[in-house]
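Proteins get letters first, then strands, A, B, ... in listed order; numbering begins at 1 in each.
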Amino acid sequence: MPQPFDLPPQYDPGAVEVGLYRTWMERGAFTPVAAPGREPYVIVIPPPNVTGVLHMGHGLNNTIQDVLIRFERARGRETLWLPGTDHAGIATQNVVERLIAKEGKTRFDLGREAFVERVWQFVRTTGSTILEQLKQIGASCDWSRTRFTLDPAYTRAVREVFVRLWEEGLIYRGHRVIHWCPRCLTALSDEEAEFHETTGALYYIRYPLTDGSGHVTVATTRPETLLGDTAIVVHPEDPRGAPFIGKRVRLPITGIEIPVLADESVEKEFGTGFVKVTPAHDASDFEIGLRHDLAMPLVMRENGTMGDDGGDRKGDATPRVPPELVGLDRFEARKKIVKLLDAQGLLAKTESHQHAVRRCYRCDSIVEPRLSDQWFVKMKPLAEPVLAAYHRGELRIVPERWQATFLNWMENIRDWNISRQLWWGHRIPVFTCTRCRHQWADRADPAACPKCGGPVEQDPDVLDTWFSSWLWPFATFGWPDDTPDLRRYYPGHTLVTAPEILFFWVARMLMAGYHFMGKKPFTTVYLTGTVRDTKHRRMSKSLGNGIDPLAVVRLFGADALRWTLIAGGSLGADVILDSDDLATTFAPGRNFANKLWNIARFIQAQLPAEVPRLSALDPKALTLADRWILSRAQSAIAEGTAALEQFRLDEAAKRCFEFVWGELADWYVETVKPRLAADDRVVAQAVLAHCWKTVLGLLHPVVPFITEELWQKLPGRRAGELLILAPWPTPDPRWASPEADAQFGAVRQAITAIRNIRAEYRVPPKARLAAAIRPAGHAARATLEAEHETILRLAQLETLTTDGEALEGAHAVLTDGSEVVVALAGAIDLSQECRRLSDELQRLDKQLDALDAKLANESFVARAPADVVAHERDKQQAWRTQRDVLAAKLSALGCS
RNA sequence: GGGUGGUUAGCUCAGCUGGUUAGAGCGCCGGUCUCACAUACCGGAGGUCACAGGUUCGAGUCCUGUACCGCCCACCA
């Protein structure tokens, strides 16, 4: 007897999510539990910036990780998803600098110590925000192991790594042109200075020859740097250059004399063939400067204003920046210089110019190349073991297309500038004796020089943030100590991250893993797509096109968010979301959750307190529909599991979706309703309960909240049982039944055909009709008769005969040749009926013609695999039968 | 400049090693508040799979080229 529904008809995620998450936490469901024979499965989170707030990129990336973790947890692995945050040197320092700017102060007003303390205060109060937000989307991280890259233990690891590299000779002081951010006042690595296509101007400037015989013209995008020019170069084989090589020209504005030299690096095709050389403010000019032993004067200060600022002057201390330009911002100076040049007739022309400009990845300022001294890591020795391992097949990157990009970067790896002129971060542990100039790296802060006992100074700079995050897979487990966690959870398994940090982070983690641990940090790198808006623009704060994942959680629930992200995009593909229409964008997830909720309401009402078990049933008691849905469940488990194993999360989600909605709800539940009210309802109950538990288990990784909630509401559930800890559904080959699939498929087809006729003839939904089916054979007859009741009810029939009764009405022919007639004596318009049937016949004929031609083709029959040919012949047979029956029907009706 | 991905229904996308009548969600059209669900149910329309060649018995699927869009890398100032 059906129970009254004790659930409302609409799912309210807000009412259950927080409580469920708390329950999982309290039960320690996220903490790995060792057991005999249990293999660990480890994911380390890409640590978000400690000042960060959750955006859709995090949402996507962390949902994927959570799906994988929950899947492997259910499969019995000892799963650990390790969370934490990154101190994010530049980003965090910027945030706090902006904060104190509101008080009218700069970090220099506070001083180093006070400023760092201020950042700590900020981090301590707001640093857990993003982790709390991850909880809201259901991330099942082991929060007891949360790490921060500035934790004392982690700091020890960073320092240990620096000192080891120093001892191995892999760290050196480089004197060269690096990328400098005049706003952040720090050096940047190559990766941190991002290219942006920009339309700028190409200025053609005349440099007068000192002998008065004319001038040479150079093209430049940065006229202000001419103050620091120390040569003009031209390609040695460029005929235009020959008359000038060896001569001298006068710098416009300052009148300083510089030589015209030959250098093979010049691209003859570009500009005028003559290139101005500013060795202190351009990386390639620096190389030229080295080759020709040129002076390298700095004519810009660290903050981007003009001014003599040292550099390598080769003993010539002549000021190069005229007084009227000193202190001027570089872009103001550019304008002024262009104006001056123009006034002096030295500006030949200006062209619009498309080129790539490097910008600071944190503040977007245009980066200024600048001669400077920085600490570098020699990367080649670190990259080689990774490349070797890659070629041994030890690493897997999905999607595979990223492998080429990865290899290209690794094979052409460049040394890594790791020093940053910041205050927030790991202080570089290099010490210098102010007396004897001895310099060394130290694991502890020394009180005095070990050589002469003199006073020591520590390098003022801090390390690049990535110099700490590249140790994440092992520093989080207590390295360099030999801890139980390190032994158990290193190496990890899957690393899920965005492709834009493939070089910043992933490649470097691999290098650190092999170098310091002797083995890879993870087995598979899963690179996610990018979340974009409908114009395919990356979602970003500055564009204002972002969607707040937490707003989605509030509006539609965490499961709706997760569903849309997982089912909406395939492996590594970009996910396009419409920020202007959240309701439509997240409707699939919300609707699906609601559907699950309502299926549960129904099932719950049908089940007794003691749920009958499938295994206790006599298999002979199963009906066709039972065998069919159990077969479909088996296939859903097998295919869903296989898809997850291959990281095809979307496929797994969609397959389960199809099973629960398209098969279980739309057909099985509808079929089984009368049986649930009958005396022998126990079989239907057992099948229903079995399928439902399967569904909840399969879907839990993607939509954990609602599945857990419904699982706990299932009758017969013991207190404290959690779906999150329940075993993954296992396929049972006994239930696989192609026969049941085909037979129930015929039943569905018959019902659909009748419904179709009803709709076409506008039969009122409540009208109960008579119908007759002339089955194509004995087997078909047996099947249709077995599900007689089902067809009757789902097609809204009064009577259904299968004994060849002749009815007047609308016709259909099923693919097996079975004939369906729906009695519509008065309502039938013969011409309409003829048209319907002949349209159908025409369609069939066309297909059959193509198939006939194919099978008449000797090379097809000779060359195609036998099973393909056999299959096509079967198809031909079936279509012919269907066609013949249809044609006979048409002529019987007297259609022309 | 070098790589690399995309172009399939109005929209967002599946379609894995070439072989059923190319699919889904949303949207659209028609009909239903049928006792789990109108965030639902039933029925339906809609695609010469960017274009041009080629390989093959057979191509949305493989190859070449073209066009457009995108991403990564790169010292043409």
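- Salt bridge status for A/Lys276 with A/Asp282: absent, with no side-chain N to carboxylate O gap under 4.0 Å.
- Remark: A/Arg538 is not in phosphate contact with B/G70, judged by side-chain N or O atoms under 4.0 Å from OP1 or OP2.
- Between B/C41 and A/Lys595, a contact under 4.0 Å exists linking OP1 or OP2 to a side-chain N or O.
- In this structure, A/Asn756 reaches the B/G44 phosphate: one of its side-chain N or O atoms is under 4.0 Å from OP1 or OP2.
- Side-chain atoms of A/Ala573 lie closest to B/A14 of the nucleotides B/C42, B/A14, B/U39.
- At the phosphate of B/A40, neither OP1 nor OP2 sits under 4.0 Å from any side-chain N or O atom of A/Asn598.
- Judged by Watson-Crick or G-U wobble contacts below 3.5 Å, the nucleotide B/G58 has no partner.
- Regarding A/Ile757, its CD1 atom lies at a distance of 14 Å from the C1' atom of B/C42, rounded to whole Å.
- At B/C71, none of the side-chain N or O atoms of A/Arg401 fall inside 4.0 Å of OP1 or OP2 (strictly under the cut-off).
- For the pair A/His353 and B/A77, the criterion of a side-chain N or O lying under 4.0 Å from OP1 or OP2 is met.
- No cation-pi contact links A/Lys595 to A/Phe657, judged by a cut-off of 6.0 Å to the six-membered ring centre and 45° from its axis.
- In this structure, A/Thr752 and A/Arg843 both approach RNA chain B, and ranking their closest nucleotides by distance from the 5' end singles out A/Arg843.
- Formation of a donor-acceptor pair under 3.5 Å by the A/Asp559 side chain with backbone atoms of A/Ile706 is found in this model.
- Considering only heavy atoms from C-beta on, A/Leu644 stays 4.5 Å or farther from A/Thr641 through its side chain.
- The 5' end of RNA chain B is approached more closely, in terms of each residue's nearest nucleotide, by A/Ser570 than by the other of A/Trp597 and A/Ser570.
- In the interface, the side chain of A/Gln10 is not paired with the base of B/A40 through any donor and acceptor atom under 3.5 Å apart.
- Here A/Lys673 reaches the OP1 or OP2 of B/A36: one of its side-chain N or O atoms lies under 4.0 Å away.
- The side chain of A/Arg414 contributes no N or O atom lying less than 4.0 Å from OP1 or OP2 of B/C73.
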